[in-house]
Amino acid sequence: MSEQSLRQIEVRSDALITSVLRPGLRAPAGRAHRIPKIRGRAQEVAAMTTWRRWQDWVVVGLGVVLFVTPFLFGETANSVAASTAYVLGALIALAGVLNAAMKDAGGLELIPAVLAVILFVSPWAFGFTALTGLAWAAWIIAILVVLTVGSLFAMQNRRAMAS
């Protein structure tokens, strides 16, 4: 091989490397390497992958707040109410972490919603409606969890309709 043909091979390999490193440049075969830019609602939906859905982190936060509620209101003496807050708070937080770890929001998003329904009914079912602080915390947190999970389902439905 001559020295000139070796230079041409080097130039072609350098062009290939630079076209891979810099999107938008033309490849040696004539195909453009362009990365489409996503804007608006599509960008928000595309960013919602593993560990990035804000709804899952809100559910985790609400579970932690529910777990801490008996300490905040000083109602740790009532074992039924405190145990309900501890158990359901931990389960809601763990369900939120589990959903955050999933790549696609699927049927597991129903777990926090079901736990929230149980939480909403628990003051009446376990008889601690007289403890107004814990009862109101249970009702408010349950409603917020259901609204948060519902917003995730609403965003999924918009994405499915847009596709």
Side-chain angles (χ1 to χ4, degrees), residues 19-25 31-163:
S19 67
V20 170
L21 294 177
R22 291 189 222 152
L25 297 177
R31 293 183 303 260
H33 289 278
R34 303 203 99 202
I35 299 173
K37 292 185 178 179
I38 302 172
R39 293 192 174 102
R41 174 65 76 187
Q43 183 180 15
E44 182 181 338
V45 171
M48 295 179 76
T49 58
T50 307
W51 303 108
R52 292 191 180 194
R53 288 184 296 271
W54 64 267
Q55 292 93 341
D56 297 329
W57 293 111
V58 169
V59 169
V60 171
L62 289 171
V64 169
V65 167
L66 180 63
F67 187 86
V68 175
T69 300
F71 298 110
L72 295 177
F73 290 112
E75 298 291 343
T76 56
N78 187 335
S79 62
V80 174
S83 299
T84 302
Y86 299 147
V87 170
L88 288 175
L91 288 175
I92 289 172
L94 289 174
V97 169
L98 174 69
N99 289 329
M102 303 301 283
K103 182 173 181 173
D104 295 325
L108 292 178
E109 290 293 335
L110 289 176
I111 294 172
V114 170
L115 291 171
V117 169
I118 293 169
L119 176 64
F120 190 82
V121 175
S122 68
W124 292 293
F126 299 129
F128 62 91
T129 54
L131 301 173
T132 55
L134 287 180
W136 276 101
W139 294 325
I140 291 169
I141 290 173
I143 290 169
L144 291 175
V145 168
V146 169
L147 289 175
T148 304
V149 171
S151 74
L152 183 63
F153 281 121
M155 289 185 78
Q156 286 178 342
N157 288 342
R158 281 189 202 158
R159 183 175 59 184
M161 293 175 116
S163 296

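Predicted model only: the values in this text are computed from it and were never measured.
- Contact record, Ile111 with Ala95: CG2-CB, 3.8 Å, taken as the closest heavy-atom pair.
- At a threshold of 4.5 Å between non-hydrogen side-chain atoms, the residues Val80 and Asn78 count as touching.
- Judged by distance alone, with hydrogens and angles left aside, the side-chain atoms of Arg52 form no donor-acceptor pair with the main-chain N or O of Ala100 at under 3.5 Å.
- Listed by chain and residue number, nothing satisfies the side-chain contact (heavy atoms from CB on, under 4.5 Å) test with Ser83 (two or more places apart in sequence, or in another chain).
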Could you tabulate the donor-acceptor pairs under 3.5 Å formed by side-chain atoms of residues 112-139, not counting sequence neighbours?
unit_1, atom_1, unit_2, atom_2, d
Ser122, OG, Leu119, O, 2.7
Trp139, NE1, Phe120, O, 3.2

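- Across Asn99 and Glu109, no two heavy atoms sit closer than the pair CB-OE2, 3.2 Å.
- Two residues are said to be in side-chain contact when any heavy atoms from C-beta on lie closer than 4.5 Å; Leu152 and Arg53 meet this criterion.
- With sequence neighbours excluded, no residue satisfies ring pair (Phe, Tyr, Trp, His ring centres under 6.0 Å) with Phe73.
- Under the 4.5 Å side-chain criterion, counting only non-hydrogen atoms from C-beta, Val145 is not in contact with Thr148.
- Summarising the geometry of Ile141 relative to Val65, their closest heavy-atom pair is CD1-CG1, 3.9 Å, with the distance given to 0.1 Å.
- Residue Phe67 holds its CZ atom at 10.5 Å from CG of Leu91, rounded to the nearest 0.5 Å.
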Report task. Output, in order, the C-alpha distance, side-chain angles, deciding distance and verdict of side-chain contact (heavy atoms from CB on, under 4.5 Å) for Trp54 and Ser151. Result -> CA-CA 10 Å; Trp54 64 267; Ser151 74; 3.8 Å; yes
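- Annotation: the span from Leu108 atom CG to Asp56 atom CG amounts to 10.5 Å, rounded to 0.5 Å.
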